Amino acid sequence: MLKMFITSIKNLFRKPVTQLYPYEKYEPFDGYRGKISWEKGKCTFCMKCGRACTSGAIKILIYSGETKEWVWNPIQCIYCGECVRSCPFGALIQEKYYASPITKGEKLDWSEIEKKAGRLEDRWRRQLRDRRGKRKSE
Amino acid sequence: MKKIKVNQEICTTIPMGSQHVALPEPVKLVFDTENEVVKRVSFDVSYVHRGIEKSLTTMYDFKKAPYVVGRICGICAIAHSIACTVALERSIGIDGEVPDRVRAVRMIGLELDRLQSHFLINGHLAEVCGYENIFMHLWRCREFILDTADMLFGNRVQYDVVCVGGVNRDIDEKTGTRISEALEEIEESIGFMEEVFTRDKTLVKRLEGLGVVSKDKAFEYGLVGPSARASGVKTDCRIEDDWGMYRDFGLEIITMTEGDALARCLVRVLECFESVRMIREALDSTSPGEEIQLRVRDNPKKDAVCRNEAPRGELFYYIRGTGKKIPGRVKIRTPTFANIPILPHVMIGVRYNDVPPLLMSFDPCLSCTGR
Amino acid sequence: MIEASLMDFKDKIRKLYIPEKVHYIGVDAYEGEEGLEVRYWFFSYETRDVVMVRVSVKHGERVPSISDIVKPAFMGEWEIADLFGIEIEGRVENFFLSPDSPRAPLLNKKKSEDQAGREMGEK
C-alpha cells in the first residue's frame with residue numbers, strides 16, 4: 001500500500017506518457033499503416049489492387065476515350081496494405097502519415113462510383129470469358 | 001425496479017446493462033436480489049450480432065478472411081486472425097510448410113496482444129473495485145506495449161499482420177533490438193502489477209474469496225483460459241494444439257487452486273511473465289530475411305479446425321472447405337461463449353455490489369460472443 | 001468423428017463425455033446439399049484430438065437438448081436455434097439475435113429475405 005502511495009506521488013511529477021496532440025506533433029513510427037498513395041505513371045490499371053482489397057475501397061473508373069482513374073475511399077479502407085503488396089508495378093505506396101480528415105466537399109459519392117465501376121467490371125469479366133472461350137475453341 | 005415474487009420470497013429486480021459503467025460492451029444481466037444478495041440471474045447477449053460468419057460464407061474469399069475476422073474483437077484481433085489462418089492453412093494442406101520465421105512473428109504478435117489485454121482487464125478490474133489509481137497506472141504501462149506493437153506492425157491494436165500462407169511484414173534487426181529494450185521496461189511493470197495484486201490490502205480483501213469456482217465445477221462447465229487455470233484445470237491450447245513453437249520453447253502452464261477472482265487476476269499477471277519470455281525466445285529463434293510468405297495456389301478443400309489460445313481462453317475455428325474460393329461454413333466459438341454459462345451459478349449468493357468485479361474477473365468480451 | 005442419428009446421439013454423447021477427460025467445445029449446425037446437420041464438438045485431453053458428433057436433422061424436426069449431460073451446452077444450442085431456425089427443447093427466443101432481425105439468417109434461402117445482403121456481396 002505504501003509503495004502504491006509512493007508511486008502515485010511519483011506519477012504526479014513524471015512526464016505524461018501520452019502526447020498533448022494539437023500542440024505536439026505526433027511522429028509515427030516507420031511502417032505505420034497510413035494513407036495509400038497512387039502514382040499514375042506506373043499504373044497499368046490491371047485491377048489487381050481492386051480485387052485484393054478486403055473492404056472494396058478501391059475502384060477503377062474508365063471514362064469515354066482512354067482516360068482512366070484510380071479511386072480510393074479513405075473512409076471505407078481498413079489500411080491492411082493488401083493492395084500495396086498485390087501491385088506488381090509498385091504504383092501504390094503506403095505512407096507513414098494517416099489520411100487527413102474529410103470535409104463535406106471532398107466526400108466521394110461512393111455508391112455512384114461503385115455502380116459505374118461495377119458496370120466496367122462486368123464488361124471486363126465478359127471480355128475475359130470471351131477470350132477464354134476463344135482459346136478453348138481453338 | 002419492480003418487486004416480484006420468487007418462491008414466495010419478495011425479490012427486487014435490478015437490471016444491469018445493456019449499458020453500464022462496469023461493462024465495456026453491451027450485455028444485459030437481470031438480477032433478482034433479496035436484501036442485496038443475488039438470488040437469480042438471467043442474461044441476454046443479443047446486442048452485437050453482426051453476421052460475420054454469414055459474410056465469410058457469402059461475401060469474402062478466403063484470402064480476405066483473416067482481415068475480416070480481425071474485426072470481430074477489438075482487443076484479441078490477432079488471435080482471431082491466427083486461428084482463422086491456421087484453420088485455412090490446414091484446410092488447404094500447407095500448414096506443414098509454413099516457415100519458422102512466420103511462426104515466430106505470429107507468436108510475437110499473439111503474445112504482445114495477450115500482454116496488452118491482460119493489462120487492460122486487470123486495470124479495468126481495479127477500476128471496477130473503485131481503485132482508480134491502479135487503473136490509471138496499469139494503463140500507463142499498457143501504453144508502452146501498444147507503442148511496441150505500433151513499432152512492429154504499424155498499428156496499435158489491430159495488427160492485420162497475418163495472412164494465409166505467412167505474415168505481411170517481417171521484423172528487422174533494428175526493431176528487434178528496440179523491442180528487447182522495451183520488453184525490459186514491460187517486465188518491470190508486470191512486476192509492479194504482481195506486487196499490487198498480491199500485497200495491496202484494498203484489492204486483495206475485495207477480491208479474495210469472491211466467486212469461487214471449484215475444480216469440479218470448472219470441468220463441468222467447460223471453463224477455458226485463465227478462468228479455468230485459476231481453478232486448477234491444466235489446459236492451454238497453445239500446448240494442446242501447437243501451431244507455433246510453444247512446445248519447443250517449453251511454455252509453462254500457470255495454474256492456481258483457489259479459483260476466486262484474485263486467483264484469476266494473478267494467473268493473468270503470471271502469464272504476462274511467460275508471454276515476455278515467449279517473445280524473447282521467438283525473437284532469438286529465427287533471424288530476419290527468411291521467406292515470410294508462401295504462395296497459395298489451392299482453395300480450401302478439407303474440413304479443418306483450429307484451437308487457439310486467445311487472451312481470454314480457447315478460441316475455436318472450424319472451416320468447411322468446398323474447393324471453392326469461399327468456404328462453405330465458418331464456425332467461430334469464442335472464449336467468452338464458454339465462460340458465460342457458469343456466471344449465473346457463481347453469482348448466486350453474492351452481494352450485488354460485488355457483481356461488477358466478479359463479472360470483470362472472468363474477462364468477458366461480448367463483441368466476440370455476438371460476432 | 002462419430003456419426004449418430006436423432007434417436008441415439010444422446011447415448012453416444014453420454015458415453016463420450018466425462019467432464020475431467022473430455023472438454024466440451026461447442027455446437028454448430030451446417031446446411032449442406034444433403035440437408036441440415038447438427039455437430040457437437042468435443043476435445044479429449046488424453047489423446048489431444050477434436051471429436052465431432054454429427055447428427056443429421058430434417059427441417060422442422062425437434063432436437064432434444066443435451067444440457068442435462070453437458071451443462072454449458074445450452075448457450076450453443078440457443079445460438080444455433082436462432083441462427084438456423086432449429087427447434088431445440090427449452091430454447092429461449094431471441095437469445096442471440098435482436099427481435100427485429102431476420103429469422104434464421106444462416107440458412108441458404110433461395111432469394112428470400114436475405115436477398116438484399118447477398119446482392120451487396122455480389123457488388
Side-chain angles (χ1 to χ4, degrees), chain B residues 18 42-51 53-60 215-224 228 233-235 237 239-242 303-307 314-318 320 322 326 328-334 336-343 345 369-371, chain C residues 1 17-33 37 39 41-45 47-52 54 67 69-76 78-80 82-84 92-102 105-108 114 117-123:
Chain B
S18 53
S42 61
F43 54 90
D44 183 2
V45 294
S46 68
Y47 294 93
V48 271
H49 182 72
R50 286 157 287 164
E53 287 178 356
K54 177 79 177 174
S55 75
L56 284 173
T57 52
T58 50
M59 281 171 82
Y60 301 103
K215 194 174 177 180
D216 293 340
K217 269 263 152 59
F219 271 125
E220 208 180 317
Y221 280 90
L223 281 194
V224 294
V233 180
K234 212 168 166 133
T235 170
C237 299
I239 298 280
E240 285 157 6
D241 189 357
D242 190 6
D303 286 16
V305 295
C306 178
R307 294 171 78 231
E314 175 204 39
L315 179 63
F316 176 80
Y317 265 75
Y318 162 75
R320 187 182 171 87
T322 48
I326 294 175
R329 168 96 173 103
V330 180
K331 160 78 185 166
I332 308 165
R333 209 296 316 270
T334 52
T336 312
F337 206 86
N339 280 343
I340 283 182
I342 204 170
L343 286 181
H345 294 265
T369 316
R371 299 189 302 279
Chain C
M1 195 178 80
Y17 183 70
I18 308 152
E20 279 81 26
K21 287 175 186 160
V22 178
H23 169 65
Y24 161 77
I25 294 177
V27 49
D28 173 28
Y30 173 70
E31 195 195 23
E33 281 159 12
E37 52 190 48
R39 290 121 175 254
W41 299 94
F42 295 93
F43 174 77
S44 160
Y45 285 121
T47 55
R48 290 185 177 173
D49 269 341
V50 176
V51 185
M52 180 171 95
R54 205 166 78 176
S67 53
I69 309 164
V70 188
K71 286 233 173 118
F74 66 94
M75 255 185 88
W78 296 351
E79 182 203 340
I80 61 164
D82 268 354
L83 295 182
F84 285 89
V92 172
E93 286 277 329
N94 298 325
F95 174 73
F96 210 73
L97 297 175
S98 54
D100 54 345
S101 70
L106 259 68
L107 284 182
N108 304 326
D114 65 322
R118 216 178 282 179
E119 271 171 9
M120 263 178 72
E122 276 165 12
K123 263 181 200 171

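Worth knowing before you read on, the calculation uses all heavy atoms, side chains too, and leaves out hydrogens, waters and symmetry mates. Throughout, protein chains are lettered first and strands after them, A, B, ... in sequence-line order, and every chain is numbered starting at 1. Bear in mind that the values here come from a model prediction, so they are computed numbers and not experimental data.
A salt bridge does not link B:R333 to C:D28: none of the charged nitrogens lies less than 4.0 Å from a carboxylate oxygen. Under 4.0 Å is where a charged nitrogen must lie from a carboxylate oxygen, and between B:E240 and C:R48 no such pair does. Using a cutoff of 4.0 Å between basic side-chain nitrogens and carboxylate oxygens, B:R329 and C:E37 are not scored as salt-bridged.
Judged purely by atom type and a 3.5 angstrom limit, B:K331 has no side-chain atom pairing as donor or acceptor with the backbone of C:A29.
Contacts of C:V22 with chain B are absent, with no heavy-atom separation under 4.5 Å from either backbone or side chain. Contact annotation for B:I342: neither backbone nor side-chain heavy atoms come within less than 4.5 Å of a heavy atom of chain C. Of the two parts of B:I239, the backbone and the side chain both hold a non-hydrogen atom closer than 4.5 Å to a non-hydrogen atom of chain C.
Considering OH of C:Y24 and OH of B:Y221, their distance stands at 13.5 Å, rounded to 0.5 Å. Taking CH2 of C:W41 as the start and OH of B:Y318 as the end, the distance is 5.0 Å to the nearest 0.5 Å. Taking OG1 from B:T57 and OH from C:Y30, the interatomic distance works out to 9.5 Å, rounded to the nearest 0.5 Å.
Using cut-offs of 30° and 60° for the angle between ring planes, the B:F219 and C:Y45 rings count as perpendicular.
Here the side chains of C:L83 and B:K54 are not in contact, with every heavy-atom distance at 4.5 Å or above. Side-chain contact check for B:F43 versus C:M75: some heavy-atom pair is nearer than 4.5 Å.
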| request: Evaluate the side-chain contact (heavy atoms from CB on, under 4.5 Å) criterion for residues B:D216 and C:E20: first the C-alpha distance (whole Å), next the side-chain angles of each, then the deciding distance (0.1 Å), finally the verdict. | output: CA-CA 8 Å; B:D216 293 340; C:E20 279 81 26; 3.9 Å; yes
| request: Would you sort out whether B:V233 and C:H23 count as a side-chain contact (heavy atoms from CB on, under 4.5 Å), showing the intermediate values? | output: CA-CA 11 Å; B:V233 180; C:H23 169 65; over 6 Å; no
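Of the listed residues (C:Y17, C:F74, C:F43), the one with the most heavy-atom contacts under 4.5 Å to chain B is C:F43.
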